[in-house]
Structures are given as structure tokens and as C-alpha cells.
Amino acid sequence: MSTAYATRPSPSPLRAGRRRRVASRRRAAALLGVLVLTLFALSLMVGQTFYGPGEVWRVVLGQDVPGASFTVGTLRLPRAVLGLVAGASLGIAGVTFQTMLRNPLASPDIIGISAGASAAAVVGIVVLRVDEALVSGMAIVAALVTALVIYLLAYRDGVLGTRLILIGIGIAAMLDSVVAYVIVRAAAWDLQVAMRWLTGSLNGATWGIVLPLVVAAAVLMPALLAQSRQLDLLQHGDDTASALGVRVERTRLTVIVAAVALIAFATAAAGPIAFVAFLAGPIAARVVGAGGSLMIPAALTGALLVLAADLAGQHLFGTRYPVGVITGVLGAPYLVYLLIRTNRAGGSL
Amino acid sequence: MTDSHTLVAERVSLGYGDRTVVEGLDLTVPPGRITAIVGANACGKSTLLRALSRLLAPSQGQVVLDGKAVHTQPTKAVARTMGLLPQSPLAPEGIAVADLVARGRSPHQRMLSRWAVADEQAVEEALGLTGTSDLVDRAVDELSGGQRQRVWIAMALAQQTDILLLDEPTTYLDICHQIEVLDLLTDLNRTRGTTIVMVLHDLNLAARYADHLVAMCGGRLLAGGRPEDVLTAATVEQVFGLRSQVVADPVSGKPMVLPIGRHHTSTPSPAHAHAAPHAR
Ligand SMILES: Nc1ncnc2c1ncn2[C@@H]1O[C@H](COP(=O)(O)OP(=O)(O)OP(=O)(O)O)[C@@H](O)[C@H]1O
Ligand SMILES: [Mg+2]
């Protein structure tokens with residue numbers, strides 16, 4: 001197709017408007033990024049002993065700082081990295097599902113995919129006593145199988161609507177009861193471990209737990225980001241997306257596998273941190289506005305939620321609460337609100 | 001801009017799941033012409049359009065674009081040749097008109113490519129042609145139905161394809177905007193040779209604007225040809241179960257359908273004067 005047109009006088013309102021919106025989205029995303037960095041730094045500094053930024057920085061660089069090297073380097077750093085990467089993974093995977101299914105309720109933690117991963121992980125750790133790498137593997141397989149089961153149960157001539165959500169919620173409840181059953185049977189297990197698998201927690205973060213997740217995120221997040229333009233076009237419906245050159249089925253498959261795997265790795269490492277996948281996208285949408293991809297903003301928001309909730313859970317109350325308890329308290333009212341709203345009208349992100 | 005693209009449906013059967021909606025349909029879209037498809041609700045017009053644009057794989061037969069089965073061609077390449085305005089497209093909440101129309105450029109962009117001058121111009125032009133330039137910064141979901149429809153048409157135009165399929169492009173539009181859109185499509189056809197296939201419900205507008213009129217009934221092609229030949233009282237009766245009188249439109253000379261309902265008909269149609277009044 002030829003594109004020889006007369007050039008117009010340059011600063012058109014169209015261009016100016018688009019530039020303005022892109023700039024404002026970037027500003028908002030940058031703000032989220034700064035907040036994430038701040039909270040990450042805070043989680044390294046704050047604890048029973050406070051270490052200043054200087055000391056923390058030297059530990060991060062690998063220098064030997066008496067006291068700080070152990071507390072910050074061995075205890076706080078893996079925990080903070082876990083919060084950062086698990087939060088980002090949940091956020092990006094959540095918004096991917098919500099965008100793809102055009103429904104804010106369709107996040108993996110609502111429709112049972114996280115529950116699948118966590119049920120497999122609990123069975124792996126508590127019953128079969130397998131090692132961490134295998135736990136991740138089991139979680140991924142279980143999450144994919146759960147996604148497939150939900151898809152097959154909900155599929156009817158390519159229409160995936162409210163039915164998928166309802167089936168997913170049912171499956172989530174079933175799998176959650178598997179988790180509860182296994183944990184109750186394993187009476188010797190302490191409350192911390194139980195909490196990790198019931199609501200998600202960063203307690204007990206070690207490099208052995210964190211590294212598989214970091215590697216997975218380094219591969220899977222770019223894979224998702226590469227699909228973000230296609231995913232955005234899918235929001236217009238399969239017909240429009242396909243007419244605009246999107247390979248609908250292939251995009252959907254790629255994106256589902258990558259997002260489910262991310263959820264599985266994050267869940268294997270930190271448990272099913274309640275509502276982060278569900279909340280990150282809608283919050284990110286409010287912060288950055290519509291019209292562009294929400295993947296990066298949602299990843300940042302997810303990290304922000306987990307880091308903030310963990311800091312709050314550790315230091316704000318008399319007792320220490322695992323991160324999932326805090327995010328659960330935040331997310332539940334929003335879930336109720338959405339259920340009420342979508343009952344009235346078909347909602348989208 | 002050529003009129004050399006050929007689009008042919010060869011004995012296609014189309015359906016959803018086990019349900020067959022269209023059976024053994026043959027259609028040759030005349031290149032560089034305007035084709036209008038008319039037919040009753042649920043007769044399979046949208047389904048046919050979806051098959052032509054490769055959204056729906058035929059259970060039998062095939063759709064052939066430029067000599068090759070459309071389903072074997074890469075989606076993106078097809079999207080640079082053929083655009084589609086679906087009957088009810090969706091917009092994500094809050095998206096601005098300019099950003100929506102810009103998405104029409106997707107098939108022309110590579111994965112990491114930047115927004116090019118050609119993209120900018122295509123969008124500007126599409127906005128101008130559809131009279132939506134003033135709406136660029138508005139959110140799509142805050143527009144009136146007619147404004148929104150014109151924005152969707154702008155998105156399809158920004159795609160700059162040589163074949164354009166439109167499913168009821170004039171729904172929601174007032175009479176003035178209906179004519180404007182049809183005139184605009186005709187301009188596009190006359191100046192660039194864009195092949196246009198559109199589903200229309202208004203028989204008179206279809207007859208006036210189409211070079212080639214296709215009447216569908218129950219998933220089959222009942223008649224296809226010049227509007228003068230296709231749009232007869234007999235066809236209208238067969239397709240819609242409606243009695244009518246067809247006269248020459250004094251404005252265009254094309255056939256014009258005057259429906260005969262059970263009320264307000266002072267001069268009964270001579271052909272049906274003997275028939276008892278009934279709905280079908
Ligand atoms: N996604 C779908 N799944 C199942 N059946 C469908 C689907 N889309 C359409 N149908 C059915 O196929 C038949 C033809 O539908 P189609 O949309 O092609 O009709 P149409 O001629 O465009 O009608 P209208 O004038 O109302 O737009 C209808 O009976 C409809 O119920
Ligand atoms: Mg239709």
C-alpha cells in the first residue's frame with residue numbers, strides 16, 4: 001500500500017494528545033517504580049536492628065559489614081527479592097488474564113490457578129517431601145492442568161464468560177480445601193509453614209527458594225511483554241483482533257502458558273499471596289490510565305503491594321502477620337465490590 | 001491501491017459447533033466494487049463476513065483470497081489486504097479515540113517498530129474522513145452510539161486495506177451520518193479502488209449504493225447481481241416474508257422498496273391485492 005501523502009504542518013492536536021497521554025502513562029509508571037525501589041530499600045533497612053542506606057548498600061555490593069552482612073545479606077535480602085519478584089510475577093500474570101478474558105474477576109488467584117499450584121506444592125512438600133526444584137515443577141504442572149480443566153469445563157464455542165469465573169471459583173474452593181486438609185493432617189508442621197500455604201508469606205525466604213523464581217521471571221516476563229501489543233488488541237474482541245492481524249489462538253495459548261507458569265513459580269516460592277494478582281491490574285489501571293499496556297504498571301503494582309504488605313505485617317502491629325493476611329484484608333472488600341458491580345453490568349478492566 | 005485483489009467463497013459451509021448456519025455458499029466478490037449483503041436477522045450475514053475475513057474456518061469449502069486459501073495465509077499479511085468492521089466491536093474502558101484509531105495501524109507495524117509518519121498520516125486522514133477529528137482526546141466509552149460507530153469506521157480506514165468488510169456500518173447513525181458514511185465508502189471505492197463488502201439492513205440504501213447486491217436467506221445465497229435485477233418484490237417476499245412494492249427511486253433511479261404492512265396501506269399492491277393480509 002502506498003503511503004505518499006502530502007505532509008501536514010507538524011504539531012497536530014492528534015500527535016500532541018497521544019504524546020501527552022504516553023508521557024503521563026510513563027510518568028505514572030516511573031512513580032510506581034520509584035515507590036517499589038523505596039519499599040525494597042526500606043525492607044532491607046528496617047527490622048529489629050535498623051541499618052542505614054550506606055551499610056545496606058555495602059552489603060548489597062558484597063562487602064563484609066559486621067552484623068549487617070548476616071541480617072541484611074542472609075535474612076532480609078532474599079526476603080525482599082522474593083517480595084519484589086513474586087509480587088511482580090503475580091501482578092503481570094494477573095493483568096494478563098484480566099485483559100485476555102476482559103474481566104477483572106478473571107485473575108488466576110480468583111479462578112483457582114494459584115490454588116492449583118499451591119495444592120501441588122503442599123502435597124509435594126508435606127506429603128511427598130520432595131526438594132524445591134521439584135516442588136516448582138509440580139506446581140507448574142498442577143497450575144497448567146488446573147487452567148486446562150477450567151478452560152475445558154467453561155469452553156462453549158469459544159465463549160469464555162461468567163461461566164469461566166464461576167467454574168474457576170468452584171475449583172479454587174476445592175483446591176483450597178485440599179491445601180487445608182494436607183496442612184491439618186501434617187500436625188507436626190508449624191503455623192508459619194501453614195500460613196505460607198494458606199495465605200502466602202515471605203517467611204523462610206532463602207536463596208534456594210528465591211532463585212528458581214528469579215530465573216523463571218527473567219524468562220517469562222519478557223515472553224509476556226513481547227505479546228503485550230497483541231493482548232491489547234484482543235480486548236476489542238477476537239474478530240477485531242484477528243482482523244488487525246493478531247493470531248488469536250496462538251497469542252492466547254502463549255500468554256496463558258507464560259502467565260500460568262509465572263503464577264506457579266511465584267506460588268511455589270511464596271505461597272498463594274492473596275489477591276495480589278487480582279488487585280494489581282485494576283490499581284495499575286487507575287494509576288496510569290487506559291490506552292496502553294498495563295503489564296509493566298501491574299508488575300510494579302504487584303511488587304509494591306507485596307513489599308508494602310510485608311513491611312506492614314512485620315512491623316505495624318503487635319504480632320507479625322504474613323504478607324497474605326494483609327493483602328487478603330485489602331483485597332476482600334474489592335472482590336465484594338466487583339461482584340456487586342459485575343452483577344449489575346458486564347464490567348471490564 | 002489496486003482492484004486486482006480477488007476474494008471468492010467456494011461452496012463454504014459455516015457453523016458454530018454442531019450447528020450449521022451457512023451451507024454450500026458460493027460468492028465471488030467483484031474486485032474494486034461495492035457489494036452489499038442484505039437478509040433477515042440471523043440468516044448468516046455476519047457469519048459469512050467472518051468467514052471471508054478468515055475469522056471463522058469453513059467446515060466445508062474454502063475462502064480464496066488472491067488465489068490462495070485465506071486460512072493458509074499469515075494473519076498479518078491478510079490484515080494488510082483486508083480490513084473488517086465487526087458488528088459489535090469492544091473497546092477497553094477509558095481508551096481515547098486517538099489511541100483506538102491508532103490501533104488500526106497494527107498490521108503495518110513490526111514488533112518493536114516505532115510509530116511512523118505514515119501511521120500518523122493514516123490516522124489523521126481516517127479521523128478527517130469520518131468527521132471524528134474533534135473527538136481525538138475523548139474516551140470512546142463516553143461517546144454517543146453514532147460517534148462511536150464513526151470512530152470504529154475510522155479505525156478500519158486507518159488500516160488502509162484494499163478490501164474492506166463492514167458489518168452494518170450504518171447502525172446507530174442518524175440519516176445524515178448514514179448517507180455520509182455510505183458516500184465516504186463510495187469515495188474510497190471510486191478514488192482508490194477499494195473493494196467494499198458491507199452488510200446493510202436498509203434495502204433502499206443498499207440498492208442505491210451497491211454495484212452488486214447479494215440477498216441471503218436462511219444461510220443460502222438467494223440472488224446476487226445488479227440491484228435492479230436482484231431487488232424485486234418477489235425477492236423481498238422470499239427473503240423477509242414481507243409484501244412490498246418496488247418502484248424506481250426518483251433520486252437515483254435504483255429500485256426502492258415500499259413495504260406493505262397490515263396498516264396504513266391505502267393502495268394495495270396490485271400483485272397482492274387478492275391476498276389476505278397476513279404477516280408472513
Ligand atoms: N458465536 C456464535 N456461536 C453460536 N452461534 C452463533 C454465533 N454467532 C452467531 N450464531 C448463530 O448463527 C446464526 C447466524 O448469525 P449471524 O450473526 O451470522 O446472523 P446475521 O445474519 O448477521 O444476523 P443480524 O442481522 O441479526 O446481525 C444465528 O442463528 C446465530 O444465533
Ligand atoms: Mg449480523
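In what follows, chains are A, B, ... by sequence order, proteins preceding strands, each numbered from 1.
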Residue B:M155 versus chain A: region with a heavy atom under 4.5 Å:
side chain
Mind checking whether B:R50 and A:D239 have side chains closer than 4.5 Å, heavy atoms only?
yes
Of B:V97, B:D137, B:L165, the largest count of non-hydrogen pairs under 4.5 angstrom with chain A goes to B:D137
Between chain B and each of A:V246, A:V248, A:D232, A:L244, count heavy-atom pairs under 4.5 Å; write down the option with the most.
A:L244
Which one wins on heavy-atom pair count under 4.5 Å against chain A: B:A156, B:A98, B:A139?
B:A98
Which atoms of B:L100 come close to chain A, meaning under 4.5 Å heavy atom to heavy atom: side chain ones, backbone ones, both, or neither?
side chain
Contacts of residues 140-154 of chain B with chain A (heavy atom under 4.5 Å)
B:W152
Quick one: are A:R229 and B:Q109 in side-chain contact, heavy atoms under 4.5 Å?
yes
Kindly say whether A:A243 contributes a backbone atom to a donor-acceptor pair with the side chain of B:Q159 at under 3.5 angstrom?
yes
The reported gap from CZ in A:R247 to OG1 in B:T75 (rounded to nearest 0.5 angstrom) is 5.5 Å
side-chain contact (heavy atoms from CB on, under 4.5 Å) with B:D187: which residues, sequence neighbours excluded?
none
Please state whether the side chain, the backbone, both or neither of B:R103 comes within less than 4.5 Å of a heavy atom of chain A.
both
Given that the side chain runs from C-beta out, which part of B:P86 has a heavy atom under 4.5 Å from chain A: side chain, backbone, both or neither?
side chain
B:Y172 OH: over 12 foreign heavy atoms closer than 6.0 Å
no
Looking only at atom types and distance, does a side-chain atom of A:H236 sit under 3.5 Å from a main-chain N or O of B:L90, one as donor and one as acceptor?
yes
What part of B:L127 is in contact with chain A, defined as an atom under 4.5 angstrom from a non-hydrogen atom: side chain, backbone, both or neither?
side chain
Just how far is it from atom CG of B:D99 to atom CZ of A:R18, taken to the nearest 0.5 Å?
5.0 Å
Kindly indicate whether the side chain of B:S106, heavy atoms from C-beta on, has any atom under 4.5 Å from the side chain of A:Q230.
no
